[in-house]
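Following: one structure in structure tokens, then a few remarks.
What's counted below: heavy atoms across the whole structure, side chains too, no hydrogens, waters or symmetry copies.
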Amino acid sequence: MSVSERLPDTTPTDAVGANSLADESREVRHQKRVLLVWDAPNLDMGLGAILGGRPTAAYRPRFDALGRWLLGRTAELSGTSAVRLEPEATVFTNIASGSADVVRPWVEALRNVGFAVFAKPKIDEDSDVDADMLDHIALRARDGGLAGIMVASADGQAFREPLEDIAATGVPVQVLGFREHASWAVASETLEFVDLEDIPGVFREPLPRVSLESLPDEGAWLQPFRPLSALLIGRQGVQ
């Protein structure tokens, strides 16, 4: 009997495992993300300004609809990609002292829909999540690369330049938000702006929006983005 005749016809189990791991490793290397990051503090402020107060259930964004839109966007980009695309969505938020019990159902609902949540304690006025969002975007850009990115925020000071840098590499970049508060994105030649109200199902009812370009004859109230008392936070003792 020859040596070849003595060898089994099937591949050894350990070899199958090694091949499987190699295939999985290649799949990871050939996978890119379609990333959505949501700036909850900024968008809550913008929505409150449009509504003139805290939103009721009819005016709270529906993240299940947003998730379906992200899946559709991923499928759209997959048609022009030679690698596997994976959608990923994360909401970045601050948790004020004593508000955990109030916020917990919202956080759990987001996680049940399929969104990750980055929660950071609101210690003072500087405890925002902009830097954390940018770090996450940079990490994902390095870790396999981005096939597309959507940033839901009106904060042009924090995001305009980094997003334009990403767009310059050929990655499609979309800014989600409210057109009244994101003129920097609306007017950009490299960024695509998507008004949240234009995404099907995100809001149950039309938002009561007022545009400076189309004010009613009787005038309209434009509420402040934050209370005056916010000027004193973190500045106690400053004259």
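Within the structure, the side chain to side chain donor-acceptor pair (under 3.5 Å) test picks out the following pairs touching residues 111-120 (sequence neighbours left out): K120-D132. Pairs of residues two or more places apart, or lying in two chains, that qualify as side chain to side chain donor-acceptor pair (under 3.5 Å) and include a residue from residues 54-63 are R62-D64. Legend: salt bridge (charged side-chain N to carboxylate O under 4.0 Å, His left out) pairs involving residues 93-107, not counting sequence neighbours, sorted by first then second residue: D101-R104.
Under the 4.5 Å side-chain contact rule for hydrophobic residues, I149 and L43 do not share a cluster. Cluster membership check: M150 does not share its hydrophobic cluster with V37, using side-chain heavy-atom separations under 4.5 Å among Ile, Leu, Val, Met, Phe, Trp and Tyr. Residues L77 and I137 are members of separate hydrophobic clusters, defined by side-chain heavy-atom contacts under 4.5 angstrom among Ile, Leu, Val, Met, Phe, Trp and Tyr. Residues V83 and L70 are members of one and the same hydrophobic cluster, defined by side-chain heavy-atom contacts under 4.5 angstrom among Ile, Leu, Val, Met, Phe, Trp and Tyr.
Considering all non-hydrogen atoms of both residues, L191 and S188 come closest at N-OG, 3.1 Å. Taking each heavy atom of P87 and L85 in turn, the nearest pair found is CD-O, 4.0 Å. Shortest non-hydrogen contact noted between A158 and L134 is O-CD1, 3.8 Å. Taking all atoms of both residues into account, the shortest heavy-atom contact from S153 to D155 is OG-N, 3.1 Å. Of all non-hydrogen atoms in V171 and L146, the two that sit nearest each other are CG2-O, 3.6 Å. Here the closest heavy-atom approach between residue I95 and residue A119 is recorded as CG1-CB, 3.9 Å.
Looking at heavy atoms from C-beta onward, L36 lies in side-chain contact with L66 at the 4.5 angstrom threshold. At least one side-chain heavy atom of R73 sits under 4.5 Å from a side-chain heavy atom of P172. For the pair I199 and V194, the minimum side-chain heavy-atom distance is below 4.5 Å. Between V151 and P162 there is no side-chain heavy-atom pair separated by less than 4.5 Å. D39 is listed as a side-chain neighbour of V129, based on a closest heavy-atom distance under 4.5 Å. Residues W106 and V91 have side chains in contact (heavy-atom distance under 4.5 Å, counting atoms from C-beta outward). Contact of the I50 side chain with the F178 side chain is registered, since non-hydrogen atoms from C-beta on lie closer than 4.5 Å. Inter-residue side-chain proximity for L176 and W69 is flagged as met; some heavy-atom pair is nearer than 4.5 Å.
Between the CG atom in D135 and the CG atom in D130 there is a gap of 11.0 Å [rounded to 0.5 Å]. Atom CG of N42 and atom OG1 of T93 lie 11.5 Å apart (nearest 0.5 Å). Atom CD of Q174 sits about 11.5 Å away from atom CG of L163, to the nearest 0.5 Å.
The residue from F92, W38, F118 that alone fulfils the ring pair (Phe, Tyr, Trp, His ring centres under 6.0 Å) condition with H136 is F92.
Among residues two or more places apart in sequence or in another chain, the ring-ring contact (aromatic ring centres under 6.0 Å, His included) test is passed with F115 by F63. With sequence neighbours left out, the side-chain contact (heavy atoms from CB on, under 4.5 Å) criterion links R160 to E164, W184. Qualifying side-chain contact (heavy atoms from CB on, under 4.5 Å) partners for E197, counting only residues two or more places apart in sequence or in other chains: D195, F203, P206, L207, R209.
At most 12 non-hydrogen atoms from other residues, nucleotides or ligands lie less than 6.0 angstrom from CD of E189.
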